[in-house]
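Okay, so here's the structure we're looking at.
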Amino acid sequence: EAQVTQNPRYLITVTGKKLTVTCSQNMNHEYMSWYRQDPGLGLRQIYYSMNVEVTDKGDVPEGYKVSRKEKRNFPLILESPSPNQTSLYFCASNSWGARSPLHFGNGTRLTVT
Amino acid sequence: RKEVEQDPGPFNVPEGATVAFNCTYSNSASQSFFWYRQDCRKEPKLLMSVYSSGNEDGRFTAQLNRASQYISLLIRDSKLSDSATYLCVVNALKANTGNQFYFGTGTSLTVIP
């Protein structure tokens, strides 16, 4: 089954404790991206990657890091989480081309206390 | 001005009603358009891609008006199960950044028995 898999689904952590949210897709997509979704603000892009070893900042990259060492994986790293990073996070992928829709992972609900 | 704008609603309609959502976009170079459905705290799921003058899938019809830069979603014979948030998503393929997706904040629909 074609899918984007995120882990964990739920995460509660404390300020400053480094964490990683994993994302993997099995569709051989070139393009992967991370979003956060907050009430009233919609989906905002954190980082994106056009291919292996090619990453770039989205609209709200502060406090986040990513890497793309393999085509299928695109982990999101919070080196020192803060309460304002409490949010619902989605990983997404799609293939190159304007007509290709985004495929979303099932989300990670992060709470930073 | 936001790249993509939607009426947030909420729209509360009786079962069996016809309801229409509109979405406007600001980038005239946008190339592809999508409607996604999002249930509470879950990932957005592709409902329909919108091409050229529009398309129909069962009770759902999506239309694109490039001259006025808006897309619409029409739901006929509303079902209780249609209750969700509907996201308008626009893609502009750029040479240096690849896919660039822009999201509306979503329109909330509740279908009432």
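Both backbone and side-chain heavy atoms feed into the values below; hydrogens, waters and symmetry mates do not. Every chain is numbered from 1, with letters handed out A, B, ... down the list of sequences.
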[X] with [Y], same ILVMFWY side-chain cluster at under 4.5 Å:
| X | Y | result |
| --- | --- | --- |
| B/Val4 | B/Phe21 | yes |
| A/Phe74 | A/Val52 | no |
| A/Tyr31 | B/Phe34 | yes |
| A/Met32 | A/Val66 | yes |
| B/Phe60 | B/Phe33 | yes |

Portion of [X] that has a non-hydrogen atom of chain B nearer than 4.5 angstrom:
| X | answer |
| --- | --- |
| A/Arg109 | side chain |
| A/Leu102 | both |
| A/Glu30 | neither |

Distance-minimising heavy-atom pair for [X] and [Y]:
| X | Y | answer |
| --- | --- | --- |
| A/Phe104 | B/Pro44 | CD1-O, 3.5 Å |
| B/Leu87 | A/Leu43 | CD1-CD1, 4.0 Å |
| A/Ser100 | B/Phe101 | O-CZ, 3.7 Å |

Give me the ring orientation class for A/Tyr35 and B/Phe103: parallel if the planes are under 30° apart, tilted from 30 to 60°, perpendicular past 60°.
->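 The arrangement is perpendicular - the two ring planes meet at more than 60°.
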If you count the non-hydrogen atoms of other residues, nucleotides and ligands that lie under 6.0 Å from CD1 in A/Ile77, is the total more than 12?
->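 Buried by this count: over 12 neighbours within 6.0 Å.
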Scan for disulfide (SG to SG under 2.5 Å) pairs involving residues 52-86 of chain B, sequence neighbours excluded, and state none if there are none.
->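 Sorted pair list comes back empty.
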Do you know which of B/Lys42, B/Gln38, B/Lys45 has the most heavy-atom pairs with chain A at a distance under 4.5 angstrom?
->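 The option with the most such pairs is B/Gln38.
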Cut-off 3.5 Å, side chains only: do A/Gln6 and B/Glu43 have a donor facing an acceptor?
->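 There is no such pair between these side chains.
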Could you grab the distance from atom OG1 of B/Thr105 to atom CD of A/Gln37, nearest 0.5 Å is fine?
->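 Rounded to the nearest 0.5 Å, the OG1-CD separation comes out at 10.0 Å.
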